[in-house]
Amino acid sequence: MLCDPHVQGTAKSALVTGGSSGIGLAIARVLAEEGYTLTLASRTKDKVEAAAAELGALALEVNVADEEACERLVAAHIERHGRLDVLVNSAGIGIGGGIEEQPLKHVDLMLGVNFRGLIAVTKYALPHLRDSRGWIVNLASIAGTEPVPELQVYAATKAAVISLTRSLNAAHDRDGIRAIALCPGFVDTPMAAWSGIPGDEMIQPQDCGEIVRMCLRLSPHARVPVVVVERVGGAGGVG
């Protein structure tokens, strides 16, 4: 049975980066259904404001590659909601190619958003998550679990996210903070359109939301550090 999302009259709250569309928005919708108040953050002002209007959330235009912006994001969330129970690190960017042909500015961009930005938001969120014994949901990828010649740097950033998630669990075990790395194959989002796979044959964003809902229903003594979600028909690989 899911715990009451209200504690001492204060609604539990969640902060979702990359919350304006795709997997981030799908997870935000689940959290709203479960009674969490929300802050949605995205680089795209119009999209995040539209998503926030749908869910009654606080909308913030944020580039997670900017550390000061990440610090302000967490501070704004706490000022609005008073607490933080779930952090969803869903902001991400993928640029295909091998390291020989990929400009280093693209490497820096993926490292900055997918890994450094995730670290920055988590760094400032940890004190509040320690208070609430909360969850960290990190969007990784099945690409971080196996060789992917077409997405070498992207896959490496997601492997780093998986490793960091496991280390966060080890470091904060006694704090009651739990972290999960979600590792889906191709999900029906604009980022996966290049694959040529029809959207209705991909993993759906709401599938990731349902995994988060499952985690919220666990007892305080259970956690799921990594979930790999394969696409049916994809032969178990990235596709």
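Note that the coordinates shown come from a computational prediction; the quantities given were computed from them, not determined experimentally. Positions are given from 1, in the same order as the sequence printed here.
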Would you check if [X] and [Y] make a side-chain contact, meaning some heavy-atom pair closer than 4.5 Å?
X: Leu38; Y: Leu58; result: no
X: Val153; Y: His106; result: no
X: Val86; Y: Lys12; result: no
X: Val212; Y: Leu182; result: yes
X: Leu87; Y: Val121; result: yes
X: Leu118; Y: Asn138; result: yes
X: Ser13; Y: Tyr36; result: no
X: Asp131; Y: Arg83; result: no

Taking all non-hydrogen atoms of both residues into account, name the closest pair between [X] and [Y] and its distance.
X: Gly199; Y: Gln204; result: O-NE2, 3.0 Å
X: Thr37; Y: Ala11; result: CG2-CB, 3.8 Å
X: Gly92; Y: Arg43; result: O-NH2, 4.4 Å
X: Val64; Y: Ala91; result: CG2-CB, 4.1 Å
X: Trp135; Y: Ala222; result: CZ2-O, 4.3 Å
X: Cys215; Y: Ile180; result: SG-CD1, 3.5 Å

Exercise. Before giving the answer on side chain to side chain contact (heavy atoms under 4.5 Å, CB included), spell out for Ile136 and Leu129 the whole-Å C-alpha distance, their side-chain angles and the decisive distance to 0.1 Å.
Key: CA-CA 8 Å; Ile136 301 169; Leu129 292 166; 3.6 Å; yes
Quiz prompt | Derivation of the side chain to side chain contact (heavy atoms under 4.5 Å, CB included) call for Val88 and Leu31 | solution = CA-CA 10 Å; Val88 180; Leu31 291 166; 4.1 Å; yes
Between the main-chain N or O of [Y] and the side-chain N or O of [X], is there a donor-acceptor pair closer than 3.5 Å?
X: Ser42; Y: Thr44; value: yes
X: Gln152; Y: Gln102; value: no
X: Asp66; Y: Asn63; value: no
X: Asp175; Y: Ile177; value: no
X: Asn169; Y: Ala179; value: yes
X: Thr189; Y: Gly22; value: no
X: Ser132; Y: Leu84; value: yes

Quiz item: Would Val113 end up clustered with Leu60 when hydrophobic side chains under 4.5 Å apart are linked, directly or stepwise?
Solution: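 In one cluster with Val113: Leu60, yes.
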Practice problem: Using the rule that two of Ile, Leu, Val, Met, Phe, Trp, Tyr join whenever any of their side-chain heavy atoms come within less than 4.5 Å, decide whether Val16 and Val30 are in one cluster. | Solution: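 Cluster IDs for Val16 and Val30 differ.
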Out of curiosity, [X] [atom1] to [Y] [atom2], how far, rounded to the nearest 0.5 Å?
X: Thr157; Y: Ile93; atom1: OG1; atom2: CD1; value: 10.5 Å
X: Ser20; Y: Lys47; atom1: OG; atom2: NZ; value: 4.5 Å
X: Leu216; Y: Arg178; atom1: CG; atom2: CZ; value: 8.5 Å
X: Arg29; Y: Arg213; atom1: CZ; atom2: CZ; value: 12.5 Å
X: Leu25; Y: Leu40; atom1: CG; atom2: CG; value: 7.0 Å
X: Lys158; Y: Leu164; atom1: NZ; atom2: CG; value: 12.0 Å

Quiz item: Is Glu71 salt-bridged to Lys123, cutoff N-O under 4.0 Å?
Solution: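 Answer for the salt bridge query: no.
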Quiz item: Just one of Arg72, Glu67, His77 clears the side chain to side chain donor-acceptor pair (under 3.5 Å) bar with Tyr124, so which one?
Solution: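 Going through Arg72, Glu67, His77 one by one, the side chain to side chain donor-acceptor pair (under 3.5 Å) with Tyr124 is satisfied by Glu67 alone.
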Self-check item: Chi angles and distances behind the side chain to side chain contact (heavy atoms under 4.5 Å, CB included) call for Val229, Cys208
Solution: CA-CA 9 Å; Val229 188; Cys208 296; 5.6 Å; no
Practice problem: May I ask you to check whether over 12 heavy atoms, not counting those of Glu101, lie within 6.0 Å of atom CD? | Solution: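 Enclosed: over 12 neighbouring heavy atoms sit under 6.0 Å from CD of Glu101.
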Quiz item: Do other residues, nucleotides or ligands put more than 12 heavy atoms under 6.0 Å from Arg116 CZ?
Solution: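 Atom CZ in Arg116 is not packed in, count stays at 12 or less.
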Self-check item: Step-by-step salt bridge (Lys or Arg N to Asp or Glu O under 4.0 Å) determination, Asp173 to Arg223
Solution: CA-CA 10 Å; Asp173 186 72; Arg223 67 179 173 225; 2.8 Å; yes
Self-check item: Check against side chain to side chain contact (heavy atoms under 4.5 Å, CB included), Glu34 and Arg217
Solution: CA-CA 10 Å; Glu34 298 295 343; Arg217 294 177 183 273; 3.3 Å; yes
